[in-house]
Participant: 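Below is a structure I'd like to ask you about.
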Amino acid sequence: MTQQALFIIFGGTGDLAYRKLYPSLFRLYEKGYLKDNFAVIGTARRPWTNDHYHEVVMNAIADDGHEADRTNSELVRKFASHFYYQSHNVNDTEHYVALRKLADKLDEKYELKGNRIYYLAMAPRFFGTIAAHLKSEKLITDHGFNRLIIEKPFGRDLKTAKELNDAISAAFSEDQIYRIDHYLGKEAIQSIAALRFGNQVIASLWNKEHIDNIQITLAESLGVEERAGYYETAGALRDMVQNHILQIISLLTMERPRAYTAGELRDRKVEALQNIKIYSEEEARQNFVRGQYGEDADQEQQAYRNEEGTDAQSQIETFVAGKLVTTNESLAGVPIYVRTGKRLAQKSTQINVVFKNVDQNIFKSVADADAKLLQNVLTLYIEPDQGYRFDLNVKNGNQSYGTMPIHLEYHKSAAEKAKVPEAYEKLIHDALDGNRTNFAHWHEVAQAWRIVDVIRQTWDSEEAEFPNYVSGTMGPQAANELLARDHRTWVYNPNR
Ligand SMILES: NC(=O)c1ccc[n+]([C@@H]2O[C@H](COP(=O)([O-])OP(=O)(O)OC[C@H]3O[C@@H](n4cnc5c(N)ncnc54)[C@H](OP(=O)(O)O)[C@@H]3O)[C@@H](O)[C@H]2O)c1
């Protein structure tokens with residue numbers, strides 16, 4: 001359905017706006033979700049003109065583009081003509097007055113019915129002041145919808161997250177706040193619910209009677225690249241575990257929602273996170289492993305500590321592996337192993353659900369001496385590959401009755417993947433629609449910090465011996481030992 005709205009993008013000259021927001025808005029325009037009745041105000045300190053802003057927006061679309069001639073097309077020009085630039089320092093009250101005047105003018109010109117989306121594509125330390133000014137300077141309309149989209153990181157711990165939340169909540173109610181976790185916009189992540197609750201065969205096996213363990217890997221092959229400044233203040237635990245990994249865990253461990261609605265899903269996800277055991281410091285030490293990459297084996301890639309913008313003695317972790325457990329009755333005691341890191345052997349995000357062995361191997365007596373039944377594994381490929389794999393045991397094809405493992409696989413083709421809307425496109429579309437299903441509620445964010453804070457505090461109190469893994473491997477040996485002590489191994493092991 002075509003929507004009418006004014007977007008005010010704070011951080012309009014920034015990287016996120018350029019790489020994600022402008023191309024996503026264009027795709028929504030191409031598909032007709034946005035037509036004549038929309039406008040965008042980009043704001044930041046740089047003194048850009050509207051003409052320059054249009055060039056930037058057109059370049060952003062071209063750089064993103066699968067169609068080379070997009071920049072020249074009439075459609076792109078028409079799209080860019082809806083963009084207005086307002087030079088603005090977010091700490092300066094005067095500028096909000098100018099912003100309101102421009103917003104009101106555009107509201108009238110494009111017949112936007114007072115609908116406004118404020119996108120804070122800026123460092124979180126500005127969120128409070130922007131929200132307060134939007135309210136005090138009356139940018140928030142009393143007719144139409146007013147929605148605030150904010151980016152991660154949402155705080156550095158529970159305390160700072162709460163301060164941030166209190167600051168934005170002074171101007172916006174929870175149902176007006178859209179906290180982006182772009183993993184929730186990914187097709188394969190959204191598909192977890194369809195897989196779990198749309199298939200009786202899987203729904204009936206999704207419990208501690210049948211599942212032995214769950215493994216979640218978010219592996220990156222790149223290093224910190226040009227994000228060292230941010231990364232030095234974050235680290236893998238805050239950057240990946242607190243948000244993306246715990247969101248995935250909530251989708252994997254939540255009870256069945258009564259319906260696929262934002263409210264139901266949120267309640268089940270909050271419950272799921274509340275059921276994740278919060279460790280004591282001693283338990284955190286035992287169940288979590290941190291790492292930082294050194295050089296690669298050929299000494300071609302440098303160690304994290306030698307990257308530009310990092311501290312030569314940096315204690316920041318570029319790798320985390322850990323074991324979490326839920327007290328949720330149906331999955332109680334099932335270990336959830338998580339792992340994420342930079343400069344690992346391969347880029348892959350995947351989930352491996354490992355099922356228990358059959359109670360009795362009746363083929364033992366007839367099978368070849370070394371033949372054994374392998375555990376069934378259901379793998380969900382999230383990215384870059386999107387698909388599924390199911391490992392089974394079948395007869396071996398010989399005269400003697402042995403078994404052998406096979407797997408059933410489905411992978412989305414490149415053409416199918418190209419049709420799937422990109423995460424930001426989906427999430428902006430949902431925000432326009434007022435659909436909060438795939439945004440993080442404050443209760444989820446807060447609970448995720450409770451889980452992570454104790455691990456952070458434990459680590460911060462002890463010096464790590466970094467670097468402790470070679471670039472191009474799957475992390476420190478301790479990550480393998482974490483599973484080995486439970487007599488398990490990582491299913492996804494490109495080192496092997
Ligand atoms: N980039 C990504 O892929 C990505 C992914 C996930 C989350 N995020 C989050 O998204 C947010 C934006 O990230 P980014 O990478 O786009 O950052 P960025 O490239 O550094 O952009 C920051 C923006 O803030 C503006 N700005 C800074 N101080 C300002 C002030 N006092 N008043 C007005 N504008 C000001 C800058 O413009 P001027 O210099 O012109 O003022 C710029 O447009 C951050 O919270 C980040 O953590 C980014």
Side-chain angles (χ1 to χ4, degrees), residues 7-25 40-50 52-53 56-57 59-60 63-64 83-99 102 118-134 137 139 148-156 160-161 164-165 167-168 177-186 218 220 222 224-236 238-245 247 309 340 342 383 422-428 431 439-440 445:
F7 291 83
I8 303 182
I9 300 180
F10 292 87
T13 59
D15 175 70
L16 183 76
Y18 189 87
R19 284 193 310 108
K20 298 291 181 189
L21 308 189
Y22 302 145
S24 297
L25 286 168
V40 179
I41 302 176
T43 95
R45 290 166 303 180
R46 263 161 262 193
W48 285 0
T49 61
N50 278 343
H52 180 69
Y53 192 36
V56 170
V57 169
N59 288 342
D63 283 355
D64 174 67
F83 283 66
Y84 296 79
Y85 186 77
Q86 166 85 42
S87 178
H88 172 106
N89 185 324
V90 293
N91 297 314
D92 184 348
T93 305
E94 276 300 295
H95 280 296
Y96 291 90
V97 177
L99 201 56
L102 178 59
Y118 312 93
Y119 201 121
L120 308 194
M122 287 185 61
R125 66 177 183 282
F126 295 116
F127 292 179
T129 190
I130 298 173
H133 279 99
L134 290 175
E137 301 316 308
L139 272 108
L148 183 75
I149 305 185
I150 51 180
E151 278 289 339
K152 78 163 195 181
F154 201 84
R156 294 180 48 74
T160 50
L164 187 56
N165 201 53
I168 58 176
I177 301 172
Y178 290 68
R179 293 180 196 80
I180 290 239
D181 181 323
H182 74 278
Y183 266 66
L184 296 179
K186 291 183 189 288
L218 275 62
E220 297 176 77
L222 292 179
V224 73
E225 309 304 302
E226 66 283 351
R227 291 180 71 220
Y230 159 71
Y231 209 75
E232 276 284 288
T233 64
R238 287 194 180 103
D239 193 41
M240 303 296 276
V241 180
Q242 188 274 339
N243 35 60
H244 312 320
I245 288 186
Q247 281 290 337
T340 183
K342 292 193 179 292
E383 67 178 357
E422 197 269 335
Y424 274 91
E425 178 188 339
K426 271 196 201 190
L427 294 174
I428 295 173
F439 294 87
V445 175

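Every number for a ligand or one of its atoms is a count from 1 in the order of the listing. No hydrogens, no waters, no symmetry mates; every other heavy atom, side chains included, goes into these values. For clarity, every value in this text was computed on a predicted model and none was experimentally measured.
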Participant: Has the side chain of Y118 got a donor or acceptor atom that lies under 3.5 Å from a matching backbone atom of I150?
Facilitator: no
Participant: Would you call E422 and K20 a salt bridge, taking side-chain N to carboxylate O under 4.0 Å as the test?
Facilitator: yes
Participant: Which atoms of ligand 1 have any heavy atom of F126 under 4.0 Å away?
Facilitator: 28 (N), 31 (N)
Participant: Say whether R46, considering both its backbone and side-chain N or O atoms, lies within less than 3.5 Å of an N or O atom on ligand 1.
Facilitator: yes
Participant: Which ligand 1 atoms, with their elements, are less than 4.0 angstrom from a heavy-atom of P153?
Facilitator: 47 (O)
Participant: Is the shortest distance from atom 21 (O) of ligand 1 to a protein heavy atom below 4.0 Å?
Facilitator: yes
Participant: Below 4.0 angstrom from a heavy atom of H88, which ligand 1 atoms are there? Numbered from 1 as shown, please.
Facilitator: 32 (N), 33 (C)
Participant: What orientation do H88 and H95 show, parallel under 30°, tilted 30 to 60°, or perpendicular over 60°?
Facilitator: tilted
Participant: Heavy atoms of the protein only: does one fall short of 4.0 Å from atom 32 (N) of ligand 1?
Facilitator: yes
Participant: Is the shortest N/O to N/O distance between N89 and ligand 1 below 3.5 Å?
Facilitator: yes
Participant: Taking distance alone, with no angle check, do L120 and ligand 1 share an N/O pair under 3.5 Å?
Facilitator: no
Participant: Any non-hydrogen side-chain atom of T13 less than 4.5 Å from a side-chain atom of Y18?
Facilitator: no
Participant: May I ask you to check if ligand 1 and L16 share an N or O to N or O distance below 3.5 Å?
Facilitator: yes
Participant: List the atom of D181, the atom of N243, and the distance in Å for their closest heavy-atom pair.
Facilitator: OD2-C, 3.3 Å
Participant: Could you pull out, from K20, R125, M122, the option with a heavy atom nearest to atom 26 (N) of ligand 1?
Facilitator: M122
Participant: Quick one: CG on L102 to OG1 on T43, what's the gap to the nearest 0.5 Å?
Facilitator: 10.5 Å
Participant: Do any nitrogen or oxygen atoms of Y230 come within less than 3.5 Å of a nitrogen or oxygen of ligand 1?
Facilitator: no
Participant: About how many Å separate CG of L120 and CD1 of I9, when rounded to the nearest 0.5 Å?
Facilitator: 10.5 Å
Participant: Please confirm whether R19 approaches ligand 1 to less than 4.0 Å, judged on its heavy atoms.
Facilitator: yes
